[in-house]
Amino acid sequence: LLPSPEIPDALVYMRTVDQNYEAYVDGQLVSRVGAVPDPGWFLGGAPTALIRLPPGYAGKRLLLRIYSPSRSIGIARDRLLGGRAELLVHLLRSGLDELFIGGLMFILGVTVFIIYISRQSDSLYLHYSAVAMSIGVYCISRCHAKVFLFENYQFWWALQLAALCLIGFGVMTFFNALFGEGPFKLGRLLAFLFPVFLLGAIGAVASGAVDLLAPLFPIQMLILAMLVYVSVIAIQSSIAGNTDGRIIAVGWLIAAGLASFDLLTNVLRVSHYVVLSHISALVFSLSLNVVLVRRLLLIARRLRDYSAMLQISLASTNALDPRQHALQALEEVRRLWQADRALLFLCDSGSASGSFPVHGSSAGVADESPLELAAACDARGSARNSDEKYDKALVSEVRGQQRALSGRVSRDDGEHSVLAAPLVAQRQFLGFLYIEAGARQRAFDRADLELLLALTGQLAVSVLTARALRLELETA
């Protein structure tokens, strides 16, 4: 029975009704979603009921007829009666955490995307912006007061399902970019499944083959598989000593625990529970933020150290001590990139074209003027016989394309991540800079490539200046 006294502009709010329903007040139809009992118009989902009561409703009986093709049927969670303004204020207050986190995440995602557009160097920013914006849309679409903005529940339900798929896709691409695609490229497979399933679900629902609720369970299983996979990868990276892996592992495991609880309670159809998904998203996002901020600070420190190294470079050039200049610069390079070894090869000053022999190199590389090892250093200081331990195929490719490249090389002491960049000034190839680090300790990315290329450009100008000054003194 509906209570008295009557409330002006009275509404009955039910957060979740599974699924089609008709509402009657003393036999008078006042609200309908779908068709009951014949599901001729049935899209499914979990609608939020907002039933407008007619004048004189006090003391009358409110009756709901509900139809569901699945085992999930009935009314779950909040059932409220009140005026429109009172209900809106109550729902905004009760859902303020979801609305705040959703808005914050969406704004953060847009901000990071703008940073990516301005930098266009690190794909992690793009992947993170996709994750943050998708989390923002998901949290906002779950806000209790959404029906006052737009009452079509199917729109909000479809938006939630699409956001879940995009969150899964964004998380997997982020982890693949940061830690690799994993064994048997499982990371790539999982990332691929989310958009494929989303497109398939859109087609199936649009054609009427399935209802709107049907994609939920497969999406939940995909997310559960993602939780397990990413947790394992984060733990492995943390054990291997990867700092980013340790940061993400802590945040991810906390978020995964909260999300798993939320997911399992949905799968098991537990009616009364605390919703933790938006808290889980916030925790995970904070861990990713720490990684991104750490990378920005690291780049800023590198640029500061790079400026200091450039001053050393210019001072060394004026001193006309090319060997000492090369060794000092190379040690700075090794330290900046946290590398195990750094090598600098220079062409003979009498041949600026700089041909050099490379085992297994492509055809057309001349063998007229071999490069000379100008300097080499490792963690112990100056290194000898290092010219025999670099990736000659990668260096040959660098010389042919005249741009910095990265790669991996396997030797007896394990797998190594490598960077190589040409020294080019005034269209003359002067040599190349080569750095190498253990693959488990340091995986070079695109930002490393761009910074190294900028550095080699300055070093090339420094080499040309030193040679010109030395030639002028010798001919004076």
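Residues: numbered from 1 along the sequence shown. When reading the values below, keep in mind they use all heavy atoms of this one structure, side chains included, and skip hydrogens, waters and symmetry mates.
- For the pair Phe155 and Ser141, the minimum side-chain heavy-atom distance is 4.5 Å or more.
- Under a 3.5 Å cut-off, the side chain of Glu436 and the backbone N or O of Arg341 do not form any donor-acceptor pair.
- With hydrogens and angles disregarded, a donor-acceptor distance shorter than 3.5 Å links the side chain of Asn176 to the backbone of Gly187.
- When all heavy atoms of Phe197 and Pro218 are compared, the closest pair comes out as CZ-CB, 3.4 Å.
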Step-by-step side chain to side chain contact (heavy atoms under 4.5 Å, CB included) determination, Cys139 to Phe100: CA-CA 9 Å; Cys139 291; Phe100 174 77; over 6 Å; no
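- Taking the side chain as every heavy atom from C-beta outward, Ile167 and Phe194 never approach each other to under 4.5 Å.
- By the 4.5 Å heavy-atom criterion applied to side chains, Phe184 and Leu189 are not counted as neighbours.
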I'd like to know whether Leu108 forms a side chain to side chain contact (heavy atoms under 4.5 Å, CB included) with Tyr128, so could you lay out the CA-CA distance, the side-chain angles of the two residues, the decisive distance to 0.1 Å, and finally the verdict. CA-CA 10 Å; Leu108 185 61; Tyr128 175 79; 3.0 Å; yes
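- For the residue pair Leu92 and Ala145, the shortest heavy atom distance occurs at CD2-CB, 3.8 Å.
- Across all their heavy atoms, Met226 and Leu190 have their closest contact at CA-CD1, 4.4 Å.
- Phe106 has its side chain within reach of Val110: a pair of non-hydrogen atoms, C-beta onward, lies under 4.5 Å apart.
- Within the 4.5 Å cutoff, side-chain heavy atoms of Leu64 are placed close to those of Met14.
- Between atom OH of residue Tyr116 and atom NE2 of residue His127 there is a gap of 8.0 Å, rounded to the nearest 0.5 Å.
- Contact between Pro54 and Gln28 at its shortest, heavy atoms only, is CG-OE1, 4.5 Å.
- Around CZ of Phe113, the count of heavy atoms belonging to other residues, nucleotides or ligands within 6.0 Å does not exceed 12.
- Across Leu394 and Ser406, no two heavy atoms sit closer than the pair CD1-O, 3.9 Å.
- Listed for the Glu6 side chain is a donor-acceptor partner under 3.5 Å among the backbone atoms of Tyr57.
- Screening Leu164, Leu166, Ile101 for a side-chain contact (heavy atoms from CB on, under 4.5 Å) with Tyr138, the sole residue that qualifies is Leu164.
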Check the pair Leu344, Leu423 against side chain to side chain contact (heavy atoms under 4.5 Å, CB included), reporting the backbone distance first and the verdict last. CA-CA 10 Å; Leu344 176 63; Leu423 273 66; 4.0 Å; yes
Side chain to side chain contact (heavy atoms under 4.5 Å, CB included), that's the test. Do Leu126 and Ser129 meet it? Break it down for me. CA-CA 5 Å; Leu126 176 62; Ser129 67; 4.1 Å; yes
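- For Phe169 against Ala191, the heavy-atom pair with the smallest separation is CD1-O, 3.1 Å.
- Using a 4.5 Å heavy-atom threshold, the side chains of Leu81 and Leu11 count as separate.
- For the pair Arg84/Phe148, a side-chain contact is recorded, criterion being any heavy-atom separation below 4.5 Å from C-beta on.
- Inter-residue side-chain proximity for Leu91 and Lys146 is flagged as unmet; no heavy-atom pair is nearer than 4.5 Å.
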